[in-house]
Structures are given as structure tokens and as C-alpha cells.
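Written below as C-alpha cells is the structure these notes are about.
Because the structure is predicted, anything quoted here is derived from the model rather than measured. All chains are named by letter (A, B, ...) in the order of the sequence lines, taking the proteins before the strands, and each is independently numbered beginning at 1.
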Amino acid sequence: MPELPEIETIRQDLSRDIVNKKIKLVAVSNGRSVRRHKSAKEFRDRAEGRTIKSVGRLGKYIVCTLDNGDNLVMHLGAHGQFFRTKSAKEAKLKHTHVVITFTQGGELRFVDTVSFGEMFISSPPPVDQPVVVRSTAAFALGGEGDLTRKSVPELAHLGFDPMEDQMSWERFAVALRTRSDSIKTLLLDQQFVAGVGALYADEILYSAGLHFDRTPESLSTTEVRRLFRALVEILAEAIKQRGSSLADGVYVDFTGKSGNYQNFHEVYEREGEACRRCRKPILKVKAVSQDTFFCDRCQI
DNA sequence: CAAAATTCCTGACTGC
DNA sequence: TGCAGTCAGGAATTTT
């Protein structure tokens, strides 16, 4: 369940920790975690001996640029976790599928109970075959996300990233008008906006004072602005708080510490508790094939 | 024809 | 104890 704020927290920590470290060994114990490759050996061969030059992010993907120009791309899926360990001796958690050992010592372990997550090595496209961006990101060219998208073809389909791309509320309004789905469906659609999942979608809609079922055509200009502002501000605040850790224990950073943003949730996992704005109990319904938490008085 | 709905992958957990 | 059902992110496939 990690979403953009949790992934960004991990990216920041990794960036401080593994940049300029050299990958000595890669051990894959579950081939499903590297399923885009023909074999685990191919993944290992392309990673071993490489030095990590930078750690970026697009949506829920972490992108490590290597010294040969390739990118090591990592996605946590629904239950994936990273753990940084000082030595190989530390006990291995169940479902540890990939272990990266650095020349300078220490390991980065990828633990993923259901193996919905993945890791793969991607090469930038040849100059005569540039990536064509067809998603909503085409409305937000010029940012950091644009560079990532163009060097990792596998991520070109992702919509704009609210933190990495140069989107404005006016261009967001244009992108919105191309779609007829409900606004919650759109927030969850990675090809519309990259990085938002069920938790932040509900928090964003509460903050914007909008009901999950509203459609883009029904939104006034003021409401579109409120939605865009909530999208950017909720994610930014959640990053400041190092993401949300729920009772399920799925999200912790790679040292095992929880985030703080769960203490600021207005609706998510607050069914029956009083809305902090109007005191009416928060509701939970099935919508967009998922649980949706909202206040039916404050969100119209 | 596109958009919407369903399926698939896997393991943890819930309820009977 | 066991067994059916549910859930999760995203891609692929099927149905509408």
C-alpha cells in the first residue's frame, strides 16, 4: 500500500545512503520479483559491478541511475519493503526475494509477501527512437519527471507526477476535461496522475471538499483549483511527515521506522469517528471497487 | 471501436 | 483445525 509519500521517503533515505555505492552481488531467491527479465541471471549480470549515481522517483517507482546509463527500477507493489542491513549475518525476514550487497559493505534487502512488487534494469531508448509521452504528463513537460520518463520507456505511460512534473492548475484543468470518469477513479489511475492510491485519494478529496463520485464536467473552476491544490498539498505534507504507517505494519522505512502522517488522516480508516470539520461520523462505502472513506456533509 | 469490467498473480488474514 | 472469502497494484484480457 505504499503510495507516493512513502516511496518518496524511501527515495530520500536511499539517496543519502546508496549513491556512489557499488553493487558487488545480487541474489535473487524469487524470480517473480524480476519477472521482466528472461532470467534472474540476466538481471544479476546487468546490475553487478555497477555504481549507483542517483536515486529518483516517478509515481510509485524508484529509479536508480547506474554508472553505465542504465536504470535500476524498483516498485513495491502492495506489500513490498526495503531493509538496509549492516551485514549478511542479520536474520533474513520471510519473503526476502532480492538481496543487493554493496562493495563498501551492507545489504539492501527486498521483502515482498505477495510478490506484486518488482525490480528490473532498463536501458535508455536509442536517440533515434525517443519516448513519446501520450499520458497527461504531456501537459506538464519540462520537469524532472519528464527526464525520468524519457530515459525509462517502461514508465512512459505514467501520468504526471504531482511532485516531479511541472503541472499548473490550468493545465490540470485541461487534462481533466479529456476524461469522463469519476474524480476518485482518475486520482487512482496511474496514467492520469502517478503516485496516488486509495489512502491519499480519500484524503485529497476530503481536503478539496469534493464527493468521490463527481465528474470533471460537473466541477466549477474553483473546484478544479481546490482539487489540484489538495492533490499537491496533501502529498507534500505527507512527505514532510515521512508517509503513513497503518496498523497492518506494511509501511515502514528501510530502517524499520514508521511514518507520522497517519496521525493527520481526516477520513482514511476513520469510519464512525467524528469529522473534524462538522462532527458527523465518517462513512465507509464500496466505491471504485475499493473502500472509500468520506464525510457526506463536507464533501459534496 | 473504446471503455468498462473481470481476471490474474500470491500470501495474510478473517470468520464460520 | 480447515476451508472459503477477501484484499491489494497494475497489467492483461474479456465483455459491453
*Taking atom P of dG9(C) as reference, at what distance in whole Å does atom CD of Gln191(A) sit?*
16 Å
*Has Lys60(A) got a side-chain N or O lying under 4.0 Å from the OP1 or OP2 atom of dA8(C)?*
no
*Could you give the CG-to-P distance, from Asp181(A) to dA5(B), as a whole number of Å?*
10 Å
*Yes or no on side-chain contact (heavy atoms from CB on, under 4.5 Å) for Leu205(A) and Lys184(A), after CA distance, side-chain angles and deciding distance?*
CA-CA 8 Å; Leu205(A) 291 173; Lys184(A) 177 157 181 182; 3.8 Å; yes
*asked:* So if I take every side-chain heavy atom of Ala78(A) and compare against dA11(C), dG9(C), dA4(B), which nucleotide ends up nearest?
replied: dG9(C)
*Using whole Å, report how far NZ of Lys286(A) lies from C1' of dA5(B).*
17 Å
_Tell me whether the side-chain N/O atoms of His157(A) come closer than 4.0 Å to OP1 or OP2 in dA11(C)._
yes
*So does Glu6(A) pair up with Arg242(A), basic N to acidic O under 4.0 Å?*
no
*May I ask you to verify if any side-chain N or O of His75(A) is less than 4.0 angstrom from the OP1 or OP2 atom of dG10(C)?*
yes
*asked:* Mind checking if His97(A) touches a base, just sugar-phosphate, or nothing, with heavy atoms under 4.0 Å?
replied: nothing
*Thinking salt bridges, do Asp70(A) and Arg46(A) make one under a 4.0 Å N-O criterion?*
yes
*Distance in angstrom units between Asp112(A) CG and dC9(B) C1', rounded*: 11 Å
*Have a look at Arg32(A) and say if it touches a base, only the backbone sugar-phosphate, or nothing, with a 4.0 Å heavy-atom cut-off.*
base
*Nearest-neighbour nucleotide for the Thr113(A) side chain, dA11(C), dA12(B), dG9(C) considered*: dA12(B)
*asked:* Can you see if the side chain of His95(A) gets near the phosphate of dA12(B) - specifically, an N or O under 4.0 Å from OP1 or OP2?
replied: yes
*For DNA chain B, whose closest nucleotide is more 5', that of Ser115(A) or that of Asp248(A)?*
Ser115(A)
*Distance check: side-chain N/O of Gln190(A) vs OP1/OP2 of dA11(C), anything under 4.0 Å?*
no
_Gap between atoms CD and P, on Gln290(A) and dA4(B) respectively (whole Å)_ = 17 Å
_Basic-acidic side-chain contact under 4.0 Å: Glu48(A), Lys24(A)_ = no
